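Labels below follow one simple rule: chain letters A, B, ... track the order of the sequence lines, proteins then strands, and each chain is numbered from 1. When reading the values below, keep in mind they use all heavy atoms of this one structure, side chains included, and skip hydrogens, waters and symmetry mates. No experiment lies behind these values; they were computed from the predicted model shown.
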There are 2 protein chains.
Amino acid sequence: MPSDRNIRLSDIAAIAGVSLSTASKALNGGDRISEETRARVREIAERLDFQPNALARSFALGRSRTIGVLTYRAASTFAGPVLIGAVLQLGELQQASLVFDEDLLVPREITNSIRELQARRIDGLLVVGDGHERVSPSVTHHFSVPVTYAFAASDHLDDVVYLPDNEGAGRRATRHLIERGRTRIAHITGTAGSIAVQLRERGMRAELTAAGLQQAGPTRFGTWASDSGADAMSALLDSGAEIDAVFCGNDHIGLGVLGVCQARGLRVPEDVAVVGVDNWEGVVLDQSTRRLTTVDLELHRLGRLAAADVLAPDRTPGEHLVPPTLVLGPSS
Amino acid sequence: MPSDRNIRLSDIAAIAGVSLSTASKALNGGDRISEETRARVREIAERLDFQPNALARSFALGRSRTIGVLTYRAASTFAGPVLIGAVLQLGELQQASLVFDEDLLVPREITNSIRELQARRIDGLLVVGDGHERVSPSVTHHFSVPVTYAFAASDHLDDVVYLPDNEGAGRRATRHLIERGRTRIAHITGTAGSIAVQLRERGMRAELTAAGLQQAGPTRFGTWASDSGADAMSALLDSGAEIDAVFCGNDHIGLGVLGVCQARGLRVPEDVAVVGVDNWEGVVLDQSTRRLTTVDLELHRLGRLAAADVLAPDRTPGEHLVPPTLVLGPSS
DNA sequence: TGAGGCTGCGAAAGCGGTTTCGCGCTGGGG
DNA sequence: CCCCAGCGCGAAACCGCTTTCGCAGCCTCA
C-alpha cells in the first residue's frame, strides 16, 4: 500500500517550524543556513521518509533526468547488448531512458522522435548504431545537450564516439597465439567488405610484424556462419598449408574450424590453436562447456561507458575505443 | 542548432490574441471553445513549431510519462530480448523507461530503487524476471500504479503476468512433426528440474496423446549445451530405439543432435527430423545458413506486450501466455 | 420585455519545488 | 556606545502548463 498522500516539502517545513526556502536549502545543501537547522530539518525529513516530488523538481530546475536514446535496429544481435548496457547504466545514474528506434542512416529532417526528445527536455542524447554503418548525417546539431554515439561513428569528427576496438581484438588474439608459441597463424573471417574485418586483420598483421612473423596463407573471407568457417578451414588444409593456429572472424567460424580439426584428427590446441571473436559461448553457455578461446568485444561495457559519458562533466571529442578482453577456453 | 529560446504557450496565446487558458484548451481539445478560435490557435502553434514543455506538463498533470522497469539480471541471454522489446515498445508509446536491475528474489524492504521509482511518480511498473524464478515477494503492493510482470510469475495470483507459452512450444513442435508424418518422436532436453522443460514435455505429451502416439523412448535430460544433446542422441541410437524425429529442448541440443545424425549417416530430415527451441540461429545468422527448424518463444514480443499492458486501460489479472511461432528450417 | 440558459472566453489558483534577495539580529571593532 | 558586516532565515517570484469557475453577451421563449 503506497502511503495515503505524499509528503510535501511544506509539511517538513511546517513540522520543523521553518519556511519552505529554509527547508529546501537544508535538504539541498545550500549555503546560508546554520548546521542546527539543517540537521533538524534533515532529521524530520528522514523520519517521515520524505521523497521530494521529482516532477516538481525537474520542472523547477529545467532538468528532466532523462536521457534520449536513438537506436538503429536495437533488436539486432550486437546492438542489443549495447542498448542493455546503456539503459542499465543510466538507471544506476538515476536517469530515465527515452528510447526511439529509427533509421539513422537516411538523410532526414527533424523527425517526430527528435521533436519529442526536444519537448521532453532531455538532459543528453545517446545514439546507438548497428556497429556497421556510420550515422549520417550527425544528429548532434539538433540538440543543445551532450550527444554521444555508441557502436557507430557519425559523419562529424567532433562527435563523441564509442566503438569496439576491432583492431585491438585482432592484436589481442594474435598476441595470445604468439605467446602460446604459435608461428604459423592463419586467418579465417567473414565478409571482406566489413570494416570490422579490415580492422581486425590490420591488428593481426601489426602483431605478426612486431613478432617478425608472416601470416600463414592469405586471409580467407566468407560468411559469418560456421559452415563457411569449416569450408575455409578444409580448403586451407587441402592447400597443404602448414598451420599451427587460426584466428577466426567470429565464434561461429571458430566452431566450424574446430569441427574440421576434429574430423581430420587434428588435436586442439596441441596441433592447432583456435581463437574466435564475440564470446558467443559466454552469452549462452555456462563456462564448463566452453570450447573456444575468444576475444570479447565488451559490448555491454561499451553501452555503459557511452551512457556514462553523456552525463560526464568532461567529455572529449573523437573516437573512444573500448578495449576487448581475452576469454580463455580449451582451444588455445 | 536548437532554437534560440523555446516557445511557450503564452507566446502562442499572445500572438493569437487569446488568453493562456483558451490557448491551452484549443490545443488540448477541451470543450467550451469555438471552432474558429481553436483553428486559429492551432494554426499559429503549427506555424511556430510549438512544442509544449513536457516537464511543465508532467508537473501540472502529475503524470511523468515514465514507466519504471525492475529487472533481474537483464544482461542475461533470455531476459535481454524481453527488456529490449519493452523499452522499444515504451518508446513507441512515448514513455520513458527508468530501469533498475536488482535481485528480485530476496525478501526485501523498500529498496532505494523502489523509493526512487515512487519519487519519480512513475505511471506504471514493469517487472522483468529471468524466466525461471518466481518474483517473490510481489512488489505490486508498493505501488499505486499498474504493475505488470514479464518473463516471470510473481507469488501473488492477482498480478498481471506475461510468460512464454512453454507448453504451447512443446505442442507446436510436436504437432509439426506429426504433420510431417513422424510417428516415433523422441525428446532430448535440458535440466530436469526446469519448469520450462516440464511444461514443454507436457505439451509434447498432450499432442502425442491427441494423435494416438507414444513418445519414442523416455525423455533424456542433460544440460543445455550441444555436447549434451549429442551425447543423448548417441545414447538414444545406441539403445536401438527406432526414431524418426527428435524434439530438442533448445537449439544447441538440436545442433548437437544434427551433428550425430551426420556422423552416423542419418539423413535429415528424411530419416530423422529435428526441431529445437529458441530460434537461436535467427538471432545470429541470416536465414540462408539456417540448419534447424525451431520454435521461437517470441521474447521480444513478450516484452512489447507486457510493456503495452502496463499502459492499457483494460488489464486482466493472471497469466497471459505469449504464443510461440514455428520457424521452418531444413531439419524437418 | 424580462428572465434564464447557453456559449465563448479569461482570470486566477493550483502543481511543488528552487532561488533570489531583503531584513532583523548579533557581535566585534573603532 | 554606535556602526556596520555578516549570518540565518523567510517572503515571494518563478518554472509553464492545466483546469476551474465566473462573467459577459446573446439567443430563446414565455
ask   = Are the side chain of B/Arg315 and the backbone of B/Val147 linked by a donor-acceptor contact shorter than 3.5 Å?
value = yes
ask   = Relative to the 5' end of DNA chain C, which residue comes earlier, B/Phe59 or B/Arg38, by the nucleotide with the nearest heavy atom?
value = B/Arg38
query = D/dG16 P sits how many Å from B/Ile7 CD1, rounded?
reply = 13 Å
query = Starting at the 5' end of DNA chain C, which residue's closest nucleotide do you reach first, B/Glu36 or A/Leu61?
reply = B/Glu36
request  = Going by the side chain to side chain contact (heavy atoms under 4.5 Å, CB included) test, name the single residue among B/Val310, B/Val69, B/Val139, B/Thr148 that passes it with B/Leu125.
outcome  = B/Val139
From OH (B/Tyr162) to CD (B/Glu319), nearest 0.5 Å = 12.0 Å
query = For A/Arg65, does the CZ atom sit with more than 12 other heavy atoms under 6.0 Å from it, leaving out its own atoms?
reply = yes
task = Give me the bend of the helix from C/dT1-D/dA30 to C/dG30-D/dC1, using the axes of the five pairs at each end, rounded to 10°.
result = 60°
task = Using only heavy-atom distances, determine whether the side chains of B/Thr325 and B/Glu298 contain a donor-acceptor pair under 3.5 Å.
result = yes
inquiry  = Counting the atoms with a prime plus P, OP1 and OP2 as sugar-phosphate, which does B/Thr37 contact under 4.0 Å by heavy atoms, base, sugar-phosphate, or nothing?
reply    = sugar-phosphate
task = Could you pull out all residues at least two apart from B/Ser138 that satisfy side-chain hydrogen bond (donor to acceptor under 3.5 Å, both in side chains)?
result = B/Thr140, B/Tyr149, B/Asp159
Interatomic distance, A/Arg63 CZ vs D/dC15 C1' [rounded to whole Å] = 13 Å
message = For B/Glu116, give me all partners under side-chain hydrogen bond (donor to acceptor under 3.5 Å, both in side chains), at least two apart in sequence or on another chain.
response = none
query = Counting side-chain heavy atoms from CB outward, which of D/dG22, D/dG8, D/dT18 is closest to A/Arg32?
reply = D/dG8
ask   = For DNA chain D, which residues in residues 43-53 of chain A have a heavy atom at a distance below 4.0 Å?
value = none
key: Selection from D/dG22, D/dG16, D/dG8 that lies nearest to any side-chain heavy atom of B/Ala56   = D/dG16
message = Can you tell me if A/Leu157 has over 12 outside heavy atoms packed within less than 6.0 Å of its CG?
response = no
task = Could you tell me from which nucleotide to which nucleotide of DNA chain C, 5' to 3', there is an atom under 4.0 Å from chain B heavy atoms?
result = C/dT7 to C/dG16
inquiry  = Taking donor-acceptor contacts at under 3.5 Å, does the side chain of B/Arg8 reach the base of D/dG16?
reply    = no
ask   = Where the side chain of A/Arg120 meets the backbone of B/Gln94, is there a donor-acceptor pair that is under 3.5 Å apart?
value = yes
ask   = Between B/Arg115 and A/Asp49, does at least one N-O distance fall below 4.0 Å, as a salt bridge requires?
value = yes
request  = Check whether the side chains of B/Thr22 and B/Ser19 place a donor and an acceptor atom closer than 3.5 Å, and report yes or no.
outcome  = yes
ask   = Should B/Ser24 be listed as having a side-chain N or O under 4.0 Å from OP1 or OP2 of D/dT18?
value = yes
message = Between B/Arg40 and B/Glu43, does any side-chain N to carboxylate O distance fall below 4.0 Å?
response = no
Please write out each protein N/O paired with an N/O of nucleotides 11-13 of chain D under 3.5 Å, distance rounded to 0.1 Å.
from, atom 1, to, atom 2, distance (Å)
D/dA11, N6, A/Ser21, OG, 2.7

ask   = Does one side chain, of A/Ser21 or A/Ser24, offer a donor that lies under 3.5 Å from an acceptor on the other?
value = no
key: Whichever of B/Ser10 and A/Ala23 has its nearest DNA chain D nucleotide further upstream toward 5'   = A/Ala23
message = With no hydrogens and no angle check, just 3.5 Å: does a side-chain donor-acceptor pair link B/Tyr72 and B/Asp101?
response = no
